[in-house]
Amino acid sequence: MEDSGSLEEKSFSNGDVYIGEIKAVLPHGKGKYTWSDGTVYEGDWEDGKMTGKGVIIWPSGAKYEGEFSGGYLHGYGTFTRSTGCVYRGSWRLNAHHGIGRKEYHNSDNYEGLWREGIREGCGRYSWSNGNTYIGNWKSGKIDGRGVMKWRNGDVFDGCWLNGLRHGSGVYRFADGGLYIGTWSKDLKDGKGTFYPAGSKHPSLRKLCSINSNDNGLSFNSEKHMAPKSRVKRSLSEKISVSGRSKSSRQISQRTSSLDANRSLHDTAGECICHGSSSTVSQNFDEEKSEESGTSSEVYEREYMQGVLIMERTRKYSESSHKNKRQNKFSVKPVKKSSFMDIFGGRRTYYLKLNLQLGIRYTVGKITPVPAREVRSSDFGERARIRMYFPKEGSQRTPPHCSIDFFWKDYCPMVFRNLREMFKLDAAEYMMSICGDCGLRDISSPGKSGSIFYLSQDDRFVIKTLKKPELKVLLNMLPKYYSHVGKYENTLITKFFGLHRITLRGGKKVRFVVMGNMFCTELHIHRRYDLKGSSHGRFTNKDKISSHTTLKDLDLKYEFHMDKKLRESLLNQISLDCRFLESQHIIDYSLLLGLHFRAPENLKALAEPPGSIQRQDSFLSGDDVKQGEQLILPKGLLLVAHEPSFVNTAPGPHIRGNTLRAYSIGDKEVDLLLPGTARLRVQLGVNMPAQAIRKVQEDKVEASEVELFEVYDVVLYMGIIDILQEYNVRKKLEHACKSLKFDPLAISVVEPKLYAQRFINFLDRKVFPETP
C-alpha cells in the first residue's frame, strides 16, 4: 500500500460500490468498482477516472481487457462481445483507432487500420465463405487500390470505389485466362483485352505496380504499437507475410472460353494488398513463364455496363504489346512540341506551379473589386495585370519553390464577369485549379502540339496557345462576351482566363482556361472530333485506344433524338457558326462524347445476375448495403423536370437552361438513368439519343464483330478550336490543297463555306431527322 493512498470500501447512494485505494475522496491506484447495473471494473485509477490497465465486464457478458485513459477505452486492448465478436488492437476514446484485428461472430475477420471505429486505410478482410480482400478502405468500404481473390482462385487487382470495382484493373481467371480493362460500378465498361488460358500473357510487373513495396501491408511501425505488445507485432508480421502469398501458383491450366469471361464475378479466395502490387505482378510473371503458351490469339473487347458489344481478334506478340502497354493502364503520353523543348523534364513541374501561383494571385486580386459592367477599356492587350514572382518572394508575392517568372493576366475584369456569368464561385475556381492535388497532364487530340492540363476535379482544361491564337482571342473577345451573354445555351468553348508566363531569357508560354465538356459522372465510351470534311479525316486502326479521339470517317452512327431537343440543338449550332463566320474563324469542330447504355432487350447477354456477387454481399451486417446499384439499366427515360431531384452541382455547363422535349408535351425534362442518377438535360449536356449504326458499304473485318445495331446513348458536346483565323497562310493552304484534292472535301475553306458545310454535315449525317 502506497503512503498516498489507503484501501477502503465505499458504498454510494445509487447502489455503486468501490473497493480499493483512495486519494483524498477519489479512487486512485488499484481498485474495483461495481455499478448498480452489474457492470464491474477492476484495475488502475487516477484522480477518480479509469486510467492505466484494467478489465471491465458488462452485464451482457461483454468484456474489455486492456488500457484506459480518462475513463475511456484508450490504448491497446481486447474487447469481446457476448455474441463472440472479438476485437484486439488500438483504441482511441472508446473507438477502434489504429491497427487492430476484429473477428466477427459470423467467422469473418478483418486485420488492418481503423479510424474512429471504421475501417480506413490498408487492411485485409477474410469472409467465412473463403473470399479475401487486401487493399485500401475508406469509410468502412473497399475504396482505392486493392486485390480481391475468390474461392475458386480468380483474382482481381485494380481500382475500387465505394465497395465496387471502378477504374482500371487486371482480372486473372483460375484457369489461366487474363482480362485487362476498365470497370464502372462493378461492371466491365469500356475497352479491354482478354488473353485466353494457355496463351502468352503480357508482363504485368509494370502495369500493376503503384507505389509498391515488398513488405505488403507493413504495419510494424513502432508508432502504431503498444509497448511489449506481442499480439500486435504478430499481427503485423502476419499481414506482411500474407502480402507474399504464392497461392495463385495453384491456377489450373484448363482451356478458357468466352463464357468464362462473361461470368467472372462468381468467385472467392485469398489475395494481395495495395502495398504489394509488385508482388502480385511478380507472381503473374513467374506463372507466365511456367505456362506452355499454346495460343497467340487474343481478343480486344468492348463492354457497355457489362454487355459485350464488340470483339476483335488479333495475333499477340510481346513486342506489339509493349507499344500499347501504356495506353491500357496509364495516362496517354503527351505529344512532344516546341513547348516541351522549353519546359522539358523538371521544368514542366515548375510551369504548373507558376500557373497556379499566378491564377491564385490574379483571382484573389480581382475578386474584391466591386462588380460592374465591362467597359471598352477592359478589353485588349492593355487591359492586364502584370507581376514579378521571384523565388524568394517580395512585398506583394509569397516565396515559392518554383523558378522566377513574370506573370501577365489578360482582361481580368472581362474573365471575372464571364466566370460569374457561368456561376463559378471564385474560391471554388481557385481550389479546383490551385489546390494541393495539382494539375494532370493530358494528351492533345489534335496536331497543334499544345500542352493540356486537367484540373483534379475534371472541371477545367488548361491549354497552351500560340501567339497568333492569343491575338485572335483578344480581338474576338468583345464579340464573344456579347454572344455568350446573349445565348446562355451556346455550345462554343467557355473561356475563364487568359494568362502568360515569361521566364528569364524571354521564353513565353500563353495559357487559356476552359470548361471541360466531358465533366460528368458518366463514363465517356467514345470521343469524336467532327469538322464536316472528309479528306484525311480518319484514324489508323492500329493507333485506336480507349483514349483516342476519333474523326469524321470513323463515325459509324447517326443519332436520333427527340424532335424538340434536335431543333434546339441545330438552332444553337447555326447561331454559333454564324458568329464564328463573322469573326472569320475556320477549322473548328464539334467535340462529341458518347456514353452508351445497355439496351433493355440485351440484358440476357450481360454478366448473369447470379454470377454478379457484389462486394456488399460479402461484407458483414454492420456494413452499408448498396444492393440498389445492382439494377441493370432499362433504357433512357425522359421525365418532367423536378429541380429538387436533379444533380445540379456547379460545373462549366450549369448556366444553360433545362431543355423541353416534344415527347412529353413540350415540358422541361430530366433524364432518368436507372441505377445511376436523374440528370438535368441541357444543350450539349446529358442529351439522350439513339445511336443507329450506318449501313457500311465496305465489309467489316472478319476479325472484328460489333454485336448490336442500335444503342441508347447520352451525348455531351461543344464547339472547340475556335481560334484559327482564315488568314493569308490559310488561303495559300487552301489553294495548294485544291490542286490535289476535292476543294469541298478539304478542311481549309473560306469561313462562309466552312460554316455551311459544318451545319449541313451535322444536320444530315450526324443528327438526321427521325423518319
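Numbering starts at 1 and runs along the sequence shown. FYI, side chains are in, hydrogens and waters are out, and symmetry mates aren't considered; it's all heavy atoms of this structure. Being a predicted model, the structure only gives us computed values, none of them experimental.
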Atom pair CG (Leu637) and CZ (Arg597), whose distance is rounded to the nearest 0.5 Å = 12.0 Å

Please determine if Glu116 and Arg92 form a salt bridge, counting it only when a charged side-chain N lies under 4.0 Å from a carboxylate O.
-> yes

Calculate, to the nearest 0.5 Å, the distance between atoms CD1 and OH belonging to Ile57 and Tyr64 respectively.
-> 13.5 Å

Electrostatic pair Glu103:Arg88 at N-O distance under 4.0 angstrom = yes

Non-neighbouring partners of Ser432 that pass side chain to side chain contact (heavy atoms under 4.5 Å, CB included), sequence neighbours left out | Ser455, Asp457, Arg459, Phe460

Within 45° cone of Tyr110 ring axis and under 6.0 Å: Arg119 NZ or CZ = yes

Decide, yes or no, whether a salt bridge links Arg172 with Asp154 under the criterion of side-chain N to carboxylate O below 4.0 Å.
-> no

Taking only residues two or more places apart in sequence or in another chain, which ones pass ring pair (Phe, Tyr, Trp, His ring centres under 6.0 Å) with His523?
-> His525

Salt bridge present between Arg678 and Glu642 (N-O < 4.0 angstrom) | yes

Can you say whether the rings of Tyr125 and Trp137 are parallel (under 30°), tilted (30 to 60°) or perpendicular (over 60°)?
-> tilted

With a 4.0 Å cut-off, would you call Asp157 and Arg145 a salt bridge?
-> yes

Polar side-chain atom of Asp458 near backbone of Cys519 as donor-acceptor pair, under 3.5 Å = no

Is the Phe68 to His74 ring centre distance short of 6.0 Å?
-> no

Minimal non-hydrogen separation, Val713 against Leu636, with atom names = O-CD1, 3.1 Å

How long is the span from the CE atom in Met148 to the OG1 atom in Thr132, to the nearest 0.5 Å?
-> 8.5 Å

If you measure from the Lys or Arg side-chain nitrogens to the Asp or Glu carboxylate oxygens, is any gap between Arg115 and Glu120 under 4.0 Å?
-> no

Should the pair Lys63 and Phe79 be classed as cation-pi, given the thresholds of under 6.0 Å to the six-membered ring centre and 45° from the axis?
-> no

Taking the inter-plane angle between the rings of Tyr87 and Trp91 on a 0 to 90° scale, is it parallel (under 30°), tilted (30 to 60°) or perpendicular (over 60°)?
-> perpendicular

Would you please indicate yes or no on a ring centroid separation below 6.0 angstrom for Tyr711 and Phe596?
-> yes

Which heavy atom of Arg680 sits nearest a heavy atom of Asn686, and at what distance?
-> O-ND2, 2.8 Å

Across all chains, not counting sequence neighbours, the ring pair (Phe, Tyr, Trp, His ring centres under 6.0 Å) partners of Tyr299 are none

In Å and rounded to the nearest 0.5 Å, what is the SG to CG distance from Cys122 to Leu113?
-> 6.5 Å

Compute the ring centroids of Trp183 and Tyr303, then answer whether they are less than 6.0 Å apart.
-> no

Rounded to the nearest 0.5 Å, how far does CD1 of Ile134 lie from NZ of Lys149?
-> 10.5 Å

Closest non-hydrogen atom pair, Thr83 against His105 = O-CB, 3.6 Å

Do the rings of Phe173 and Phe194 sit parallel, tilted or perpendicular, given the 30° and 60° boundaries?
-> perpendicular

Atom pair NE2/CD1 of His97 and Ile99 - distance to nearest 0.5 Å | 12.5 Å

